[in-house]
Amino acid sequence: MDDDFEFPAANNDAEMAMDDDDMDPPVGNSILKVGEEKDIGNGLKKKLLKEGDGWEKPSSGDEVEVHYVGTLLDGTQFDSSRDRGTPFKFKLGQGQVIKGWDEGIKTMKKGEKALFTIPPELAYGESGSPPTIPSNATLQFEVELLSWTSVKDICKDGGILKKVLTEGEGWQNPKDLDEVIVKYEARLEDGTVVSKSDGVEFIVNDGYFCPALSKAVKTMKKGEKAFLTVKHQYGFGEKGREATGDECDVPPNATIHIILELVSWKTVSEITSDKKVLKKILKEGEGYEKPNDGAIVQVKLIGKLQDGTVFVKKGYDEEPPFEFRVDEEQVIEGLDRAVKTMKKGEIALVTVQPEHAFGPSESQQELAVVPGNSTVYYEVEMVSFVKEKESWDMSTPEKIEAAGKKKDEGNALFKTGKYERASKRYEKAVKLIEYDSSFGEDEKQQAKLLKVTCNLNNAACKLKLKDYKEAVKLCTKVLEIESQNVKALYRRAQAYIHLVDLDLAELDIKKALEIDPDNRYNSSTLGTNILKPSLGCVVTLIWAGF
């Protein structure tokens, strides 16, 4: 096969810390110095008495805990939590206190102490609160924000409210495909226990007990414990649920209170875009590095059928780990692609459907026959791997040599009809020599030839794969380097035909004929017909194999 192979004529086969959108907008200028007083909106004044800690402030729905002393403007005290010796708790922004409190306390940090002067319209108004607070009274409250518990409206409709009881670890949350282990206890509002478990495992997207568990667990961290208030639409709806086994019935339209703890979970990811290769992590690996294309990996693996039959076992019973090179078709495609996502020391269960496994035909493996159209399961442990050298670790001669090798591999794959894999080889080759500003003149010429050849051959792959827009881009890259490259014009014209850009296809064909009228595909007939700007003319030229 020549470096720049000929491409045959085309054919027809070819409640928590709130999200940003939950946060209340800032009120006035919240930057105050100790002893300074400012109007923070609607006539509400705030004087800072003591700085708070950190930067976080409570949001609407949070349960706050405060100490306070309330007085009239003449200094008459009418209420004090300090005198009672018990902090006061309430839900912020829910109308449980006067409006001046809701507005003022959301500007405070933990541990902060402030004096709020609250006008009547934000307090008790004309009615007052007899006998201690007269009509139209301006009030002053010295408030210390002790703490708060964040509450999240998970579905933004009040249907599931979550209050964190115990903070979890890290920052990650389970996703739809992950398998979680939870503990929970669900009660009705009167305290009746309707369901509980000290450990149940389920796929997040499948859910368990009621819809609220699936939705809530996706907002939780490992080890987190939360209190959920679940309205009927996320519980058991208008009909409720009849008693089952040891579990009590749930009345129609019932609100449920659930204490939920996320014990742990196994991460499940889709390896292929068609969702036919899945990887479930059984044990996390080390660090962050993963094998790349061309890496040599060493693994332990056990392959099973759905009924548990073991058809391959490697790396066990004092046997050395199984070694293979990634992206060289030394194992089935699904396993090959899954291994590229693994870290050293990681153990995973890989589920591979037939399309990425052994296909429709039966396959004799080491320990058993895999029937046609079988989904197979591999338990894989990544023992070690050696990555293929990356371009930034190569000298210029190494880059050119590696690019030439990738080109040759692409050519071999193209010959066997493996167009997608061939395309990846050509792309890798071009990336290795893409930045050539530091190359010598001879090296630049070698790199230029490789870029032209690989982009042309990759365009041929894209035509076979019916990715016509990408074929146009690749041919255009070639023409930017060699404006009179006849093959690039021809292949771009083919792509334009499929994209129904007939005028552009005709322009490329005309230019190709002007450059090389004696092309071996040419004839006097083609030379005459090209002057006719018609669909039939262009199609005739394309199908003739120009």
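All values derive from a computational prediction rather than experimental measurement.
Among the candidates Phe88, Phe78, Phe116, the single residue satisfying the ring pair (Phe, Tyr, Trp, His ring centres under 6.0 Å) test with Phe141 is Phe78. Of the candidates Glu36, Glu37, Glu112, Lys46 forms a salt bridge (Lys or Arg N to Asp or Glu O under 4.0 Å) with just one, namely Glu112.
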Q) Should Lys406 and Glu388 be marked as a salt bridge (Lys or Arg N to Asp or Glu O under 4.0 Å) after you check the CA-CA gap, both sets of side-chain angles, and the distance that decides it? A) CA-CA 12 Å; Lys406 293 296 178 187; Glu388 184 172 73; 3.2 Å; yes
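In summary, Asp293 and Arg425 do not engage in a salt bridge, as defined by a charged side-chain N under 4.0 Å from a carboxylate O. Of the charged side-chain nitrogens involved, none lies within less than 4.0 Å of a carboxylate oxygen, so that Lys99 and Glu103 do not count as a salt-bridged pair. Classification of Lys218 and Asp176 as a salt-bridged pair holds, one side-chain N sitting under 4.0 Å from a carboxylate O.
With no hydrogens or angles considered, no side-chain donor-acceptor pair links Asp467 and Tyr419 at under 3.5 Å.
With sequence neighbours excluded, the residues that form a side-chain contact (heavy atoms from CB on, under 4.5 Å) with Leu282 are Lys266, Lys280, Ile347, Leu349, Glu379. Legend: residues meeting side-chain hydrogen bond (donor to acceptor under 3.5 Å, both in side chains) with Lys428, ordered by chain and number and at least two apart, are absent.
Checked by atom type and distance alone, the side chain of Asp178 pairs as donor or acceptor with a backbone atom of Val268 at under 3.5 Å. Under the 3.5 Å distance criterion, the side-chain polar atoms of Ser214 are left unmatched by any main-chain donor or acceptor of Pro211. Of the possible polar contacts, one joining the Asp102 side chain to the Gly93 backbone as a donor-acceptor pair under 3.5 Å is found. Formation of a donor-acceptor pair under 3.5 Å by the Asp190 side chain with backbone atoms of Thr192 is found in this model.
The shortest distance between side-chain heavy atoms of Asp79 and Thr132 does not fall below 4.5 Å. Side-chain contact check for Leu479 versus Arg492: some heavy-atom pair is nearer than 4.5 Å. Between Glu142 and Leu115, some side-chain heavy-atom pair lies under the 4.5 Å cut-off. Taking 4.5 Å as the limit, some side-chain heavy atom of Glu189 sits within range of a side-chain heavy atom of His257. By the 4.5 Å heavy-atom criterion applied to side chains, Trp101 and Ile118 are counted as neighbours. When side chains are defined from C-beta on, Thr107 does not count as touching Leu32, because their heavy atoms never get closer than 4.5 Å.
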